[in-house]
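Notes follow the structure.
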Protein chains: 2
Amino acid sequence: MTYEDAPEPLRALPSRMLSLLAMYADRLVSEGLAAEDARKWHYAALVALREHGPMSQAELSRRTGVYRSDMVAVVNELEERGHVERAPDPADRRRNVITMTTTGRRHLERLDELISGFQDDLLAPLTGPEREQFSALLARLLAHHSPRNTA
Amino acid sequence: MTYEDAPEPLRALPSRMLSLLAMYADRLVSEGLAAEDARKWHYAALVALREHGPMSQAELSRRTGVYRSDMVAVVNELEERGHVERAPDPADRRRNVITMTTTGRRHLERLDELISGFQDDLLAPLTGPEREQFSALLARLLAHHSPRNTA
DNA sequence: GCGGTTGCGTTAGTGAGACTAACGATGTAA
DNA sequence: TTACATCGTTAGTCTCACTAACGCAACCGC
């Protein structure tokens with residue numbers, strides 16, 4: 001927060017505005033999810049599981065962008081809460097197969113609603129078309145800077 | 001990095017795209033500034049000093065958004081490098097007066113160029129009008145969510 | 001004058017996130 | 001079989017935003 005009086009040249013820097021707004025958005029999401037005893041990586045993992053079915057932690061890691069060393073904790077927490085099950089993969093004994101439970105699926109649906117509400121809060125001052133445009137611009141910038149397209 | 005295969009519903013979330021892009025932008029700036037032995041808060045502080053002249057650490061903190069506890073280190077580093085001078089304020093002995101040196105001013109001019117280049121890198125895929133629009137949308141979102149306007 | 005509050009610089013510490021290194025166990029390929 | 005890659009896991013680094021508390025100095029009401 002703060003920055004009330006940031007000098008103009010600073011205030012107008014896209015990189016700075018981006019950091020500031022991202023910080024705000026992150027806080028919005030994190031605090032909102034905390035109310036459901038969830039963290040944003042929980043959401044990312046659950047969405048991946050819904051989209052692609054059961055998978056190993058390493059694959060979950062690749063799909064969500066969470067390091068596999070950090071994914072350990074995420075899966076631990078989801079397992080504790082009964083949202084996923086972790087079982088050794090009989091086909092490849094290095095792997096764990098992570099499967100979403102029914103509880104997990106219900107939980108995810110709840111999170112879907114919350115997350116969607118946060119997007120509305122975030123974009124509140126924009127009109128419908130402006131939101132589309134903002135998202136589209138973000139997507140283009142990301143596409144340009146992500147490893148896949150930059151390489 | 002990574003996220004190559006993020007499931008669609010995740011990938012399209014504005015809050016997520018924002019975080020990702022901000023991470024990229026931060027890295028761009030931080031690594032670029034490191035080449036000049038600078039950090040982004042150095043830049044913020046120096047810009048504030050140029051705009052408003054000598055001021056206390058607390059005021060610097062308010063103007064840049066850096067906590068005054070963290071501002072101590074920023075001023076230390078700038079002082080070590082000879083970019084600012086720290087002197088007790090005779091008018092108020094609780095305060096330090098931070099003044100930019102000539103060296104600091106030259107350094108800041110160099111940073112100006114670097115920073116401006118990073119903005120270009122960041123916004124590279126967008127056309128001129130698109131950059132304007134993106135900045136304008138960011139500014140509006142920030143204005144809406146910053147404490148001054150939210151209150 | 002005095003007492004209470006507020007602001008200052010500083011130190012220390014928290015909690016989260018991104019990221020690296022290395023491990024033992026397992027699988028794959030030369 | 002030897003060499004290499006992958007997986008889950010532990011541990012640890014660095015940076016950031018943020019809080020708490022400190023001693024000190026200034027200000028306000030009286």
Side-chain angles (χ1 to χ4, degrees), chain A residues 1-3 15-16 18-31 33-34 38-45 54-79 84 86-98 147, chain B residues 1-3 15-16 18-31 33-34 38-42 44-45 54-79 84 86-98 146-147:
Chain A
M1 33 249 6
T2 75
Y3 295 95
S15 61
R16 185 180 175 93
L18 212 43
S19 294
L20 240 43
L21 191 60
M23 202 192 310
Y24 178 81
D26 262 20
R27 184 178 324 227
L28 195 69
V29 170
S30 297
E31 290 179 355
L33 289 184
R39 296 196 293 120
K40 58 179 176 164
W41 295 131
H42 295 188
Y43 183 68
M55 64 185 88
S56 70
Q57 294 181 201
E59 196 178 348
L60 216 37
S61 167
R62 273 175 240 119
R63 288 194 190 280
T64 55
V66 179
Y67 280 72
R68 73 187 206 285
S69 47
D70 297 327
M71 183 54 75
V72 177
V74 173
V75 173
N76 283 344
E77 290 161 8
L78 288 172
E79 196 182 21
V84 304
R86 182 198 252 134
D89 185 342
D92 184 343
R93 304 201 336 270
R94 293 171 302 182
R95 290 183 167 88
N96 289 336
V97 182
I98 311 302
Chain B
M1 34 254 0
T2 76
Y3 295 95
S15 61
R16 186 180 176 92
L18 213 43
S19 293
L20 240 45
L21 191 61
M23 205 191 311
Y24 177 81
D26 263 18
R27 185 175 327 225
L28 194 70
V29 170
S30 297
E31 290 179 355
L33 289 184
R39 297 196 294 119
K40 57 180 177 161
W41 295 130
H42 295 190
M55 64 185 89
S56 71
Q57 295 182 202
E59 196 178 349
L60 215 36
S61 166
R62 273 176 240 120
R63 289 197 190 276
T64 56
V66 179
Y67 279 72
R68 75 188 206 282
S69 46
D70 296 327
M71 184 54 75
V72 176
V74 172
V75 173
N76 284 344
E77 290 160 9
L78 287 172
E79 195 182 21
V84 304
R86 183 199 249 133
D89 186 343
D92 183 342
R93 308 208 325 276
R94 294 170 302 180
R95 290 184 168 86
N96 290 335
V97 181
I98 311 302
S146 65

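Note on naming: letters A, B, ... go to the chains in the order of the sequence lines (proteins, then strands), and numbering restarts at 1 for each one.
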Starting at atom CD1 of B:Ile98, determine the distance to atom P of C:dC8, rounded to an integer number of angstrom. 13 Å
On DNA chain C, check which nucleotide each of A:Ser30 and A:Asp89 is closest to and give me the residue with the more 5' one. A:Ser30
Below the 4.0 Å mark, does C:dG27 have OP1 or OP2 next to a side-chain nitrogen or oxygen of A:Arg93? yes
Using atom CZ of A:Arg16 as one end and atom P of D:dA17 as the other, report the distance to the nearest whole Å. 10 Å
Kindly give the heavy-atom pair with the smallest separation between A:Ser61 and A:Arg68, and that separation in Å. OG-N, 3.2 Å
Should A:Ile98 and A:Glu79 count as side-chain neighbours, where that means a heavy-atom distance under 4.5 Å? no
Rounded to the nearest angstrom, tell me the gap between atom CG in B:Leu20 and atom P in C:dG17. 14 Å
Using whole Å, report how far CZ of A:Arg27 lies from P of C:dG17. 13 Å
Rounded to whole Å, please give me the gap between CE in B:Met71 and P in C:dG7. 18 Å
Separation of B:Met55 atom CE from C:dG9 atom C1', in whole Å? 16 Å
Nearest-angstrom distance from the residue atom CG of B:Leu60 to P of C:dT10: 12 Å
What is the distance from atom CG of B:Leu78 to atom CZ of B:Arg86, rounded to the nearest 0.5 Å? 9.5 Å
Restricting both atoms to N or O, compile the protein contacts to nucleotides 2-4 of chain C shorter than 3.5 Å, with distance only.
none

How would you list, by chain and number, every residue that makes a side chain to side chain donor-acceptor pair (under 3.5 Å) with A:Ser19, sequence neighbours excluded? B:Asp26
Gap between atoms CG and P, on A:Asp26 and D:dC18 respectively (whole Å): 11 Å
Can you check whether A:Tyr67 has a side-chain N or O nearer than 4.0 Å to OP1 or OP2 of C:dA18? no
Quick one: list whatever passes side chain to side chain donor-acceptor pair (under 3.5 Å) with A:Arg93, sequence neighbours left out. none
For B:Leu60 and B:Ala45, work out which heavy atoms get closest and say how close. CD1-O, 3.8 Å
Keeping the roles fixed (side chain from B:Ser56, backbone from B:Asn96), state whether a donor-acceptor pair exists under 3.5 Å. no
Could you write out each protein N or O paired with an N or O of nucleotides 2-9 of chain D at a distance under 3.5 Å?
residue	atom	partner	partner atom	Å
D:dT6	O4'	A:Arg94	NH1	3.4
D:dT6	O2	A:Arg94	NH1	3.0
D:dC7	OP1	A:Arg62	NH2	2.9
D:dC7	OP1	A:Arg95	NH2	3.4
D:dC7	OP2	A:Arg62	NH2	2.8
D:dG8	OP1	A:Gln57	N	3.0
D:dG8	OP1	A:Asn96	N	3.1
D:dG8	OP2	A:Ala58	N	2.6
D:dG8	O3'	A:Asn96	ND2	3.3
D:dG8	N7	A:Arg68	NE	3.2
D:dG8	O6	A:Arg68	NH2	2.9
D:dT9	OP2	A:Gln57	OE1	2.9
D:dT9	OP2	A:Gln57	NE2	2.9
D:dT9	OP2	A:Arg86	NH2	3.2

Using the side chain to side chain donor-acceptor pair (under 3.5 Å) criterion, which residues pair with A:Asp70? Sequence neighbours excluded. none
Kindly write out the residues that satisfy side chain to side chain donor-acceptor pair (under 3.5 Å) with B:Ser15, not counting sequence neighbours, or none if the list is empty. A:Gln119
